[in-house]
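Working notes, structure below.
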Number of protein chains: 2
Amino acid sequence: MAQSVPQRPRVGRPPRISREEVLAAARRVVEEGGVGSLTMRRLAAEVGSTPMALYHHVKDKEELLLLLLDDYAAGLARPALPEDPRERLVTAALAMHDALAGCAWVVEVLVADDLMSDAGLWYAENIVDAAVACGLTPERAVHAYRSIWYYTAGEIIIRAAGRRRAADDRPTHRERVFADLDEETLPRLASIGGRWATLTAQDTYRQGLEALVEGLLP
Amino acid sequence: MAQSVPQRPRVGRPPRISREEVLAAARRVVEEGGVGSLTMRRLAAEVGSTPMALYHHVKDKEELLLLLLDDYAAGLARPALPEDPRERLVTAALAMHDALAGCAWVVEVLVADDLMSDAGLWYAENIVDAAVACGLTPERAVHAYRSIWYYTAGEIIIRAAGRRRAADDRPTHRERVFADLDEETLPRLASIGGRWATLTAQDTYRQGLEALVEGLLP
DNA sequence: ACCTGAACACCGTTCAAGT
DNA sequence: ACCTGAACACCGTTCAAGT
């Protein structure tokens with residue numbers, strides 16, 4: 001029915017910017033200053049155009065963010081996974097965590113529309129499948145995946161927030177609170193005192209993951 | 001030295017609005033429409049004043065949110081905790097989760113400056129202390145607390161995002177993705193298909209928590 | 001002491017017009 | 001087809017002035 005069009009008959013004004021250019025610029029902006037710094041106006045300046053020209057290449061800001069996400073997900077390496085299902089589960093979860101950690105801004109978008117994009121499903125697929133191979137029913141495997149996802153997303157989000165806080169020089173609310181803990185009502189925290197900051201700065205993602213997996217599998 | 005002042009000698013223009021009124025109005029706004037709907041202008045309208053009058057009662061918007069948080073935390077019940085340390089740990093974590101779940105908006109603020117306020121430390125205190133009583137070193141107890149905190153915050157944040165998504169009527173990106181999964185590359189997810197939504201809607205917080213605790217404790 | 005109005009420096013997006 | 005400018009309906013916050 002529809003005959004193939006060898007060359008689209010381009011009519012009208014020739015484009016000055018392309019969707020790819022817009023996306024590339026958006027990626028630059030977001031990598032440098034976080035999602036918060038990505039505004040249509042700033043992006044327009046970056047590509048040397050006007051805010052409204054952008055709307056000819058993306059529907060709106062939300063679509064722009066989703067495209068950015070797809071793009072990032074598509075570029076992710078898919079590590080070879082071990083045969084042993086339990087190891088496969090842990091390895092896939094670690095890879096998922098690395099994918100998120102490597103790109104702080106994704107999280108802010110992620111939470112708005114969970115489970116990144118098609119490419120992100122690879123992690124879910126492998127984790128659920130490995131959990132089934134470990135002996136869980138499909139239902140419990142999905143629940144296990146969710147627990148791991150909560151743990152992973154929580155870690156990423158909270159660490160990202162921590163970094164943002166550290167970037168501001170002024171002492172945070174939390175530091176002030178920890179500086180004068182009441183030994184009467186909070187003896188344990190008071191005894192930990194200054195070590196809290198260093199202890200919580202340590203990367204214990206893997207440790208916690210393994211504990212979680214230990215408890216989740218039969 | 002300083003003599004007690006029985007009655008502050010109030011001079012100048014009498015106040016039309018108080019800090020308490022501002023806070024109460026902010027709480028109303030935020031409970032109804034989330035943190036996103038709390039703007040200084042909207043809040044001013046709510047108390048029947050101008051945006052700038054607010055700055056006479058709170059330093060800025062951030063302080064306003066922190067005050068709101070303190071306020072909420074101060075009103076939380078502190079459930080009696082069981083003697084057995086392991087049960088105490090689980091009970092405290094569940095109480096922490098309930099406190100957050102009862103008040104969706106806190107999370108948005110929380111992430112910005114983790115560990116709610118003084119009142120929120122009660123949970124940390126009990127969880128860390130119970131973990132030590134279970135035989136962990138203080139260091140590992142803090143790490144265990146962090147894992148639980150990641151898991152808990154992640155669950156709350158992701159569920160809240162899910163509810164926000166469900167509130168918009170239009171089908172989400174994620175639904176579209178799940179509608180046509182590739183059976184070749186994602187066989188496991190494809191086989192779960194439509195059940196994904198109902199499975200992930202189930203509340204499995206306690207289940208995951210117990211698994212995590214199981215794996216964390218010696 | 002407390003409040004107001006005007007103003008500054010921002011947002012995302014729509015609409016009508018230009019090339 | 002692609003881009004522009006002006007405009008709308010918002011933000012948080014500062015500053016100088018009023019009572």
Side-chain angles (χ1 to χ4, degrees), chain A residues 5-26 29-30 32-69 105 108-109 112-113 164 168 170, chain B residues 5-26 29-30 32-69 105 108-109 112-113 164 168 170:
Chain A
V5 189
Q7 184 113 27
R8 198 136 36 130
R10 308 177 115 298
V11 309
R13 189 170 177 164
R16 294 159 93 84
I17 54 173
S18 68
R19 184 160 165 144
E20 310 316 318
E21 266 180 277
V22 172
L23 280 177
V29 171
V30 119
E32 191 183 317
V35 177
S37 75
L38 181 69
T39 72
M40 298 306 263
R41 291 166 139 94
R42 168 124 163 58
L43 183 55
E46 196 80 8
V47 298
S49 185
T50 63
M52 292 324 302
L54 304 175
Y55 286 87
H56 217 270
H57 300 274
V58 296
K59 198 176 135 282
D60 54 17
K61 197 180 176 179
E62 197 191 323
E63 194 195 68
L64 178 63
L65 289 172
L66 238 45
L67 286 171
L68 235 41
L69 212 57
W105 63 267
E108 305 172 54
V109 185
D113 200 343
R164 255 196 314 274
D168 299 0
R170 60 199 174 129
Chain B
V5 189
Q7 183 111 28
R8 197 134 40 123
R10 306 178 116 300
V11 307
R13 189 170 177 166
R16 295 159 92 86
I17 54 173
S18 68
R19 184 162 165 141
E20 310 316 318
E21 265 179 279
V22 172
L23 280 177
V29 172
V30 119
E32 191 183 317
V35 176
S37 75
L38 181 68
T39 71
M40 299 305 264
R41 291 167 139 95
R42 167 122 165 58
L43 183 55
E46 197 80 8
V47 297
S49 184
T50 64
M52 294 323 304
L54 303 176
Y55 286 87
H56 217 270
H57 300 274
V58 296
K59 195 176 136 287
D60 54 17
K61 198 181 175 179
E62 198 192 321
E63 193 194 70
L64 178 64
L65 289 171
L66 238 45
L67 286 170
L68 235 42
L69 212 58
W105 63 268
E108 305 172 53
V109 185
D113 200 341
R164 254 197 315 276
D168 300 359
R170 58 197 177 131

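We name chains A, B, ... by the order of the sequence lines, and we start the count at 1 in each one. No experiment lies behind these values; they were computed from the predicted model shown.
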Nucleotide nearest [X] (side chain, heavy atoms from C-beta), chosen from [options]:
| X | options | answer |
| --- | --- | --- |
| Met40(B) | dT13(D), dT4(C), dA1(D) | dT13(D) |
| Met52(B) | dC2(C), dC2(D), dT4(C) | dT4(C) |
| Pro15(A) | dT14(D), dC2(D), dG12(C) | dC2(D) |
| Thr50(B) | dT13(C), dT4(C), dT13(D) | dT4(C) |
| Pro51(B) | dT13(C), dG5(C), dT13(D) | dT13(D) |

Does [X] have a side-chain nitrogen or oxygen under 4.0 Å from the phosphate oxygens OP1 or OP2 of [N]?
| X | N | answer |
| --- | --- | --- |
| His57(A) | dC3(D) | yes |
| Thr39(B) | dC11(D) | yes |
| Ser49(B) | dC3(C) | no |

- Message: Work out how far the P atom of dA9(C) is from that of dC10(D), and round it to whole angstrom.
- Response: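 Straight-line distance between the two P atoms is 22 Å.
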
Discussion item. Under 3.5 Å for both donor-acceptor distances, Watson-Crick or wobble: does dC15(D) have a partner, and if so which one?
Written reply: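 WC or wobble partner is dG5(C).
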
Report the base-pairing partner of dC10(C) (Watson-Crick or G-U wobble, both distances below 3.5 angstrom), or none.
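Base partner found: none.
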
- Atom of Leu38(A), atom of Lys61(A) and distance for their closest heavy-atom approach: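 That would be O-NZ, 2.8 Å.
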
**Prompt:** Are any of the side-chain heavy atoms of Val22(A) and Leu67(A) separated by less than 4.5 Å?
**Reply:**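 Contact flag for Val22(A)/Leu67(A) side chains = no.
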
Remember a base hit wins even if backbone is also touched, and classify Leu38(A) as base, sugar-phosphate or nothing at under 4.0 Å, heavy atoms.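 The residue Leu38(A) makes sugar-phosphate contact but no base contact.
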
